[in-house]
Novice: 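My questions all concern the structure below.
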Amino acid sequence: MSSTSGQPQFRYTQTPSKVLHLRNLPWECTEEELVELCKPFGKIVNTKCNVGANRNQAFVEFADLNQAISMVSYYASSSEPAQVRGKTVYIQYSNRQEIVNNKSSGDVAGNVLLVTIEGVEAGDVSIDVIHLVFSAFGFVHKIATFEKAAGFQALIQFSDAETASSARNALDGRSIPRYLLPEHVGSCHLRISFSAHTDLNIKFQSHRSRDYTNPYLPVNPSAIEGTMQSTIGPDGKKKELESNVLLASIENMQYAVTVDVLHTVFSAFGTVQKIAIFEKNGGMQALIQYPDVTTAAVAKEALEGHCIYDGGYCKLHLSYSRHTDLNVKAHNDRSRDYTIPESGILPLQQAAAVSSAGGWQTPQATSVYPGNMPAQLPDGQVGGSWDPSMQASGRPTFVSVPTTFPGQTYPPPAVPTYSMAGAVPGTMPVQHVDQSPAGMATHRPPQYGLQPSVRPAGQPPFYGQ
DNA sequence: AGCACA
């Protein structure tokens with residue numbers, strides 16, 4: 001099992017690939033230099049430069065396998081080695097068949113840098129030191145620091161991509177001068193890439209965030225991470241700081257909660273602009289972005305403490321996020337940007353089409369009307385139908401309804417019912433599906449777990465292959 | 001001089 005997973009790493013036994021792996025490149029070798037070297041052999045469709053710890057490796061993808069083979073063959077028998085700036089470059093087939101995600105992040109020049117400071121803890125490098133170091137290249141607008149798995153990180157916002165690039169080029173791989181660091185810190189290398197952010201959202205001047213463009217920003221001397229953002233209301237009471245973005249944590253998650261499920265649930269209160277799902281200390285959390293604070297507040301009030309499924313499953317806890325505009329990938333399984341045309345609406349449209357085409361429904365599907373609040377079981381009380389082997393990965397891909405119902409054995413025992421609609425007192429949930437006439441709530445509430453219409457009634461559901 | 005990204 002374990003020894004069969006990878007190809008041998010020896011160059012003469014590697015299987016050919018359109019992708020070539022180049023080593024021993026000069027420092028900060030540009031894409032142009034790479035293309036110059038490779039283009040005599042064929043059409044280059046993608047590159048990835050400055051790879052590896054020393055940033056002296058690269059990948060080049062040819063349009064055709066034969067072009068890659070011709071380059072490798074040529075240099076295998078050439079008396080002149082491949083060279084860039086006089087340095088011998090070693091070429092071999094990559095062990096991957098294509099370059100993925102090139103320039104998706106970290107390589108597109110932007111005005112905000114993501115800086116990872118290796119080998120230090122958050123307390124070792126003050127925000128003032130970071131400011132000092134990066135101010136050498138231009139006016140630093142904002143800094144936000146945080147601790148991630150990768151280590152201590154900072155987002156540093158400059159006026160423009162040119163300034164940010166000059167800072168990156170000068171500082172990437174370098175170390176902060178010793179005299180600016182505490183004695184006990186050994187080495188502290190900077191790893192710098194471009195962030196996809198363009199404008200950081202700094203709420204307070206604090207020991208972990210700074211906005212140098214706004215001297216009037218309130219100071220929060222104890223901006224402890226994880227503490228709910230709050231402010232003092234007019235009544236003198238502490239008041240949660242509102243936001244158009246909700247942070248949802250999901251308790252007792254016995255069923256998969258997907259972006260599509262969340263979109264449907266939260267769309268009952270207004271247009272959902274963006275959703276991002278992520279893991280946080282073993283649990284699942286999601287950020288849901290509305291256009292305005294009011295809508296978010298209504299959704300928060302209505303949904304807090306309610307469960308997505310009957311039986312106390314997937315209980316929602318909502319708070320306001322510090323974010324105001326999520327920076328998410330347009331369409332993947334963890335995030336969605338519904339403000340981009342053509343993205344994200346397909347699943348719902350198809351779901352609606354299937355639903356109105358008279359797909360079958362479970363008897364429980366009628367229980368979503370007002371007055372049927374989800375039964376709240378005590379925590380930890382679960383039904384007996386959970387079957388981990390029925391997880392989403394083995395599900396048919398032709399069913400476009402959110403693939404959220406993992407445990408549907410046949411016949412289905414105790415089908416958990418999508419029941420959020422009951423959380424909106426006295427109203428039918430309005431499905432904000434694009435191209436559906438406003439107010440015409442013709443869709444039935446979504447019925448998760450159904451495998452509508454794609455199989456004849458009485459036949460077992462189709463799983464996997 | 002020996003394989004990225006999530």
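Every chain is numbered from 1, with letters handed out A, B, ... down the list of sequences. Computed from a predicted structure; not experimentally measured. We use all heavy atoms of the structure for the numbers below, so side chains are in, but hydrogens, waters and symmetry mates are not.
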Novice: What integer distance in Å separates A:Arg191:CZ from B:dC5:P?
Specialist: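 Rounding to the nearest Å, CZ of A:Arg191 and P of B:dC5 are 11 Å apart.
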
Novice: I'd like to check the salt bridge (charged side-chain N to carboxylate O under 4.0 Å, His left out) partners of A:Asp128; sequence neighbours left out, ordered by chain and number.
Specialist: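 For A:Asp128, the residues satisfying salt bridge (charged side-chain N to carboxylate O under 4.0 Å, His left out) (neighbours in sequence not counted) are A:Arg210.
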
Novice: To the nearest Å, how far apart are A:Tyr93 OH and B:dA1 P?
Specialist: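 So the two atoms are 23 Å apart, to the nearest Å.
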
Novice: Taking the side chain of A:Ser94 as heavy atoms from C-beta outward, which of B:dC3, B:dA1, B:dC5 is closest to it?
Specialist: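 Within the option list, the nearest is B:dC3.
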
Novice: Name all residues meeting the salt bridge (charged side-chain N to carboxylate O under 4.0 Å, His left out) criterion together with A:Glu80; count only those two or more places apart in sequence or in a different chain, and write none if there are none.
Specialist: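 Applying salt bridge (charged side-chain N to carboxylate O under 4.0 Å, His left out) to A:Glu80 gives none.
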
Novice: Between A:Gln57 and B:dG2, does any side-chain N or O lie under 4.0 Å from OP1 or OP2?
Specialist: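 Checking A:Gln57 against B:dG2: at least one side-chain N or O falls below 4.0 Å of OP1 or OP2.
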
Novice: How close or far is atom P of B:dC5 from atom CD of A:Glu98, stated in whole angstroms?
Specialist: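 So the two atoms are 16 Å apart, to the nearest Å.
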
Novice: Is there aromatic stacking of A:Tyr90 against B:dG2, centre distance under 5.5 Å, plane angle under 30°?
Specialist: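 The base of B:dG2 is not stacked with A:Tyr90 (the test needs centres under 5.5 Å and planes under 30°).
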
Novice: Using whole Å, report how far NZ of A:Lys329 lies from P of B:dA6.
Specialist: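 So the two atoms are 7 Å apart, to the nearest Å.
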
Novice: Look at the side chain of A:His21 and decide which nucleotide, out of B:dA1, B:dA4, B:dG2, has an atom nearest to it.
Specialist: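 That would be B:dG2.
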
Novice: Among A:Glu33, A:Glu36, A:Glu32, whose salt bridge (charged side-chain N to carboxylate O under 4.0 Å, His left out) with A:Arg85 holds?
Specialist: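 Of the listed options, the one satisfying the test is A:Glu33.
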
Novice: For the pair made of CD in A:Gln97 and C1' in B:dA4, what is the distance, rounded to whole Å?
Specialist: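 Distance, rounded to whole Å: 15 Å.
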
Novice: What is the distance from CG of A:Leu25 to C1' of B:dC3, rounded to the nearest Å?
Specialist: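 Taking CG of A:Leu25 and C1' of B:dC3, I get 13 Å after rounding.
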
Novice: Figure out the CZ/P separation between A:Arg55 and B:dC3, and round it to whole Å.
Specialist: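 Whole-Å distance recorded here is 16 Å.
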
Novice: It should be established whether A:Arg96 places a side-chain nitrogen or oxygen under 4.0 Å from OP1 or OP2 of nucleotide B:dA4.
Specialist: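 So the side chain of A:Arg96 is within the cut-off, an N or O lying under 4.0 Å from OP1 or OP2 of B:dA4.
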
Novice: In the structure I gave you, are the side-chain heavy atoms of A:Leu20 and A:Tyr93 within less than 4.5 Å of one another anywhere?
Specialist: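 They are in side-chain contact.
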
Novice: Please report the distance, rounded to the nearest Å, between CG in A:Asn95 and P in B:dG2.
Specialist: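 Checked: the CG to P distance equals 14 Å.
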
